[in-house]
Peer 1: 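The structure follows.
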2 protein chains.
Amino acid sequence: MNKGNQTRASILAAATNLASKDGLAGLSIGSLAKDLGLSKSGLFGHFGSKDALLMAVTEAASERFVELVMRPAFKEPAGRPRLERLFENWLDWSESREFPGGCPIMAATLELDDQPGPLRDYLLSQQQRWLDTIAQAARISISVGHMDEAVDCEQVAFEFNAIGFGYHFSQRFLRDSSARQKARTAFRTLLQNCAPTSPKDGPPESPRGAEATEETNDE
Amino acid sequence: MNKGNQTRASILAAATNLASKDGLAGLSIGSLAKDLGLSKSGLFGHFGSKDALLMAVTEAASERFVELVMRPAFKEPAGRPRLERLFENWLDWSESREFPGGCPIMAATLELDDQPGPLRDYLLSQQQRWLDTIAQAARISISVGHMDEAVDCEQVAFEFNAIGFGYHFSQRFLRDSSARQKARTAFRTLLQNCAPTSPKDGPPESPRGAEATEETNDE
DNA sequence: TAAAATAACGAACGTTCGTGCTTTTTTGCA
DNA sequence: TGCAAAAAAGCACGAACGTTCGTTATTTTA
């Protein structure tokens, strides 16, 4: 590996750390350079602009997410085990030592929800990919008989994701030490509600997500 | 009302707007003054420091939250209706025209999870109050027979909150037009899972939250 | 209506921001 | 070992940041 790419990588690592703690907006080239013992201009030369640096940080984190969270889950057998693995990997990722300030993608997502531009576009595509992966895993779960056919897979993805957000909030902001257990409990309930009508444990119940058109009073 | 308090109020309103879109970190006195047609120093004099301004914005939003979300829910009968009202009010609040960039409290929460100080302390106390309110409403629901006695109310608060976060994400970042419906569905499922063992509709099921000590492999 | 208090102003402070230049140092290859 | 290329540093810029100052204009109180 070149010297250039090498320091570029170390810059990205330090930048990820900083962005994790202070957000993308809180990431300044000056402080980043000081942390690394580099000059501002020397660091700057590696990326050409602040926006390019932010994009590079985001891309790096995103690729790492695929590597650590998504990819290993596909070694699990299709269906419920894969979904469970996706969930556990995500929690692990969220409290990884790699991100002392929490998942930078989630932080960036909430930071950029009203700031259009290529960075938001990229994040959006990645988030949709993530939700698609969950929904697709749910669809496979149905086809292998781990879930009821009436289950709404988009709804499952929504709730899967919601539990993750709730966990992140409880863990990082509230510092609730039982956050992970609560997230696990919520996730188990979610899967349980999706179980086929004749599972080996638990009584039958009405599967969720079948009520596409329902009575909604307002809106 | 004094002239001073009057402009102070208008400053707070404009600042809330700005913070809603760009986050607390993105709120600058210069741009705020320009928006209002004031001088920087004139605006500055009302608060004495940037931190004080941020705190004032947060307090104002928090008080408004109590007024618009929490308070009206207590006009509903105790139990399930109150919980439902809390939830709907929260969703309404989240997409209120008052906050073009989404709930500033939620944004601040995710922004400050690693920045200790009085502002974080205040937000933490408010968030805990919010979660306590939900848990307490669940406890009352049990006592009036709307929920099973085995229900873990802290767990309910966690999931209630998680659905709200998931909604905020889907609505504001993904721009998913069915976000609200998904959130409603998730919430209805949550309540359904908490129903007493002999409800008038739906088959019996194992109530949640009773598994305090369980097998957890790692961690 | 006169006096006291407050609100708002404009200019300037020192600092940090991102970003260009130019120069020096380091690296990798013939 | 010498030399071109790449990397890093140095310096400077214009703008924006939060903040302080002294002064003027406007309210409020007496």
Side-chain angles (χ1 to χ4, degrees), chain A residues 1-60 104 108 111-112 115-120, chain B residues 1-60 104 108 111-112 115-120:
Chain A
M1 193 190 239
N2 281 343
K3 177 79 193 306
N5 295 356
Q6 188 173 319
T7 56
R8 197 189 137 103
S10 74
I11 291 173
L12 278 180
T16 303
N17 260 298
L18 237 167
S20 164
K21 277 180 285 192
D22 303 335
L24 286 180
L27 201 169
S28 82
I29 293 186
S31 60
L32 187 54
K34 189 171 284 179
D35 276 14
L36 286 159
L38 281 180
S39 68
K40 278 207 300 176
S41 50
L43 190 155
F44 184 83
H46 280 276
F47 299 93
S49 79
K50 175 83 179 293
D51 284 344
L53 168 63
L54 292 185
M55 182 62 96
V57 168
T58 307
E59 282 174 350
E111 208 174 328
L112 297 179
Q115 288 167 25
L119 191 49
R120 200 200 118 97
Chain B
M1 190 190 240
N2 281 342
K3 176 82 193 304
N5 295 357
Q6 190 173 318
T7 57
R8 197 188 137 101
S10 74
I11 292 173
L12 278 181
T16 303
N17 260 299
L18 237 166
S20 165
K21 278 181 285 190
D22 302 336
L24 286 179
L27 203 169
S28 83
I29 293 185
S31 60
L32 186 55
K34 187 170 287 179
D35 277 13
L36 287 159
L38 283 180
S39 66
K40 279 205 298 174
S41 52
L43 191 155
F44 185 85
H46 281 275
F47 299 93
S49 79
K50 174 83 178 290
D51 285 343
L53 168 62
L54 293 185
M55 181 63 95
V57 168
T58 307
E59 282 174 351
E111 208 174 327
L112 296 178
Q115 288 168 24
L119 191 48
R120 200 200 118 96

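Below, chains carry the letters A, B, ... as their sequence lines are ordered, and counting in each starts from 1.
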Peer 1: Given atom NZ of B/Lys34 and atom C1' of D/dC17, what is their separation to the nearest angstrom?
Peer 2: 13 Å

Peer 1: What parts of residues 12-22 of chain B reach DNA chain C, counting only heavy atoms under 4.0 Å away?
Peer 2: none

Peer 1: CG of B/Asn5 to OG of B/Ser10: how many Å apart, nearest 0.5 Å?
Peer 2: 11.0 Å

Peer 1: The criterion is side-chain contact (heavy atoms from CB on, under 4.5 Å); which residues satisfy it with B/Asp22, sequence neighbours excluded?
Peer 2: A/Gln115, B/Leu18

Peer 1: Between CZ of A/Phe44 and CD1 of A/Ile11, what distance do you get to the nearest 0.5 Å?
Peer 2: 12.0 Å

Peer 1: State whether the side chain of B/Ser20 and the backbone N or O of B/Thr16 hold a donor-acceptor pair below 3.5 Å, judged by distance alone.
Peer 2: no

Peer 1: For A/Gly30, which contact category applies under a 4.0 Å heavy-atom criterion: base, sugar-phosphate, or nothing?
Peer 2: sugar-phosphate

Peer 1: Check each residue of residues 47-60 of chain A for a non-hydrogen atom within less than 4.0 Å of any atom in DNA chain C, then write out the ones that pass by number, or none.
Peer 2: A/Ser49, A/Lys50

Peer 1: Quick one: CZ on A/Arg120 to OG1 on A/Thr58, what's the gap to the nearest 0.5 Å?
Peer 2: 13.5 Å

Peer 1: Assign a letter to each nucleotide of nucleotides 3-9 of chain C from its 5' end: B, base within under 4.0 Å of a protein heavy atom; S, sugar-phosphate only; -, no contact.
Peer 2: ----SSB

Peer 1: Kindly compute the distance separating CG (A/Leu43) from CZ (A/Arg8), expressed to the nearest 0.5 Å.
Peer 2: 10.5 Å

Peer 1: Between atom CG in A/Leu27 and atom P in C/dT16, what is the gap in whole Å?
Peer 2: 17 Å

Peer 1: Hey, can you pull the donor-acceptor pairs under 3.5 Å for the side chains in residues 26-38 of chain A, sequence neighbours left out?
Peer 2:
| unit_1 | atom_1 | unit_2 | atom_2 | d |
| --- | --- | --- | --- | --- |
| A/Ser28 | OG | A/Ser31 | N | 3.2 |
| A/Ser28 | OG | A/Ser31 | OG | 2.8 |
| A/Ser31 | OG | A/Ser28 | O | 3.1 |

Peer 1: Where the side chain of B/Glu111 meets the backbone of B/Gly23, is there a donor-acceptor pair that is under 3.5 Å apart?
Peer 2: no

Peer 1: For A/Phe44 and C/dT19, give me the distance from atom CZ to atom P, rounded to whole Å.
Peer 2: 4 Å

Peer 1: In which stems does DNA chain C show up, taking only runs of three or more Watson-Crick or G-U wobble pairs whose two distances fall under 3.5 Å?
Peer 2: C:4-30 with D:1-27

Peer 1: If you look at every strand shown and take non-hydrogen atoms under 4.0 Å, does B/Leu36 touch a base, only sugar-phosphate, or nothing?
Peer 2: nothing

Peer 1: First locate atom CG of B/Asn17, then atom NZ of B/Lys21, and finally report the distance between them rounded to the nearest 0.5 Å.
Peer 2: 6.0 Å

